[in-house]
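Letters A, B, ... are given to chains in the order of the sequence lines, protein chains preceding strands, and every chain is numbered from 1.
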Amino acid sequence: GENVEQHPSTLSVQEGDSAVIKCTYSDSASNYFPWYKQELGKGPQLIIDIRSNVGEKKDQRIAVTLNKTAKHFSLHITETQPEDSAVYFCAASIQYSSASKIIFGSGTRLSIRP
Amino acid sequence: EPEVTQTPSHQVTQMGQEVILRCVPISNHLYFYWYRQILGQKVEFLVSFYNNEISEKSEIFDDQFSVERPDGSNFTLKIRSTKLEDSAMYFCASKGAGAGYNEQFFGPGTRLTVL
């Protein structure tokens, strides 16, 4: 079945610096790649997503890139702020007409040092 | 902004007891999901539900698990005879229909502790 690998498991960056989280997926049929932020005691919240027909997407300080050939995708957070501290999950899904499960990576705990 | 809600926030039960976790999905959504997250681990898919039937389930979702949408608004997950290893956060999610609807909206979760 589909498997999503994520690294690093923990990441500590100085406030204002950039953070990069990388993921790989195994099923070449995957066509939707969401990124979730999970704060303590809360459910995963979507922060950005990308579909397989797009190589890059940006939303303010957050950008995602997708390399379909290599089955790699990455999250880039620029100008990090203390409120960016959380656990981030990459995920992959095969979207079709009926319900589509999401396969999560193992998570990255991001800490922003003041 | 509409959101998925879950009750209770924390459930403590004895091994072998039945539990029912409740979710109210976003009102116009048609696809419903349960995921679980064992402490410190990744979020794992359990089951998807559409048109009053299970669309897909994982190997975790064995005969001890069942889902139901009893009244058109609630979506429940029942564990018939809980085991210690069922202790986890359980997240409900819902999704709209149509070509542009990819995002699954997650609830805040129910922490299940089996003693």
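- Each of A:F89 and A:I50 belongs to its own hydrophobic cluster when Ile, Leu, Val, Met, Phe, Trp and Tyr are linked at side-chain heavy-atom distances under 4.5 angstrom.
- B:K42 approaches A:V4 most closely through the heavy-atom pair NZ-O, 3.6 Å.
- With a 4.5 Å cut-off on non-hydrogen atoms, B:Q6 does not touch chain A at all.
- Other residues, nucleotides and ligands contribute over 12 non-hydrogen atoms within 6.0 Å of the NZ atom of A:K71.
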Next item on the list: Check the pair B:Q41 / A:F104 against side-chain contact (heavy atoms from CB on, under 4.5 Å), numbers first and verdict last.
Entry: CA-CA 10 Å; B:Q41 298 186 22; A:F104 284 81; over 6 Å; no
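- By the rule that hydrophobic residues join a cluster once side-chain heavy atoms approach within less than 4.5 Å of another member, B:V19 and B:I60 end up as members of one cluster.
- Neither the backbone nor the side chain of B:F105 comes within less than 4.5 Å of any heavy atom of chain A.
- More than 12 heavy atoms of other shown residues, nucleotides or ligands fall within 6.0 angstrom of atom CD in A:E83.
- Contact residues of residues 40-48 of chain A toward chain B are A:G41, A:K42, A:G43, A:P44, A:Q45, A:L46 (heavy-atom distance under 4.5 Å).
- Looking at heavy atoms from C-beta onward, B:F45 lies out of side-chain contact with A:E2 at the 4.5 angstrom threshold.
- Environment of CG in B:N51: crowded, with over 12 heavy atoms of neighbouring residues, nucleotides or ligands closer than 6.0 Å.
- When heavy atoms are compared at a cutoff of 4.5 Å, A:Q38 approaches chain B solely by way of its side chain, counted from C-beta outward.
- Placement of A:I77 and A:V20 in two distinct hydrophobic clusters is found when ILVMFWY residues are connected by side-chain heavy-atom separations under 4.5 Å, directly or transitively.
- For B:L39, the CG atom counts as loosely surrounded, since its 6.0 Å shell holds 12 or fewer non-hydrogen atoms of other residues, nucleotides or ligands.
- Heavy atoms of other residues, nucleotides or ligands lying less than 6.0 angstrom from CZ of B:R69 number more than 12.
- If you chain together hydrophobic residues whose side chains sit under 4.5 Å apart, B:Y31 and A:I103 never meet in one group.
- In this structure, A:E79 places its CD atom where only 12 or fewer heavy-atom neighbours from other residues, nucleotides or ligands lie under 6.0 Å away.
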Check: After noting the C-alpha distance and the side-chain angles of A:I102 and B:Y33, does the key distance pass the side-chain contact (heavy atoms from CB on, under 4.5 Å) rule?
Finding: CA-CA 10 Å; A:I102 289 176; B:Y33 308 82; over 6 Å; no
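- The number of heavy-atom neighbours closer than 6.0 Å to NZ of A:K58, taken from other residues, nucleotides and ligands shown, is 12 or below.
- Separating the OG atom in B:S58 from the NZ atom in A:K101 is a distance of 7.5 Å, to the nearest 0.5 Å.
- When atom types are taken as modelled, the side chain of B:Q104 and the backbone of A:S100 share a donor-acceptor pair closer than 3.5 angstrom.
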Checklist line | ring-ring contact (aromatic ring centres under 6.0 Å, His included) between B:F106 and A:Y36, intermediate numbers included | finding: CA-CA 10 Å; B:F106 284 77; A:Y36 290 89; 5.3 Å; yes
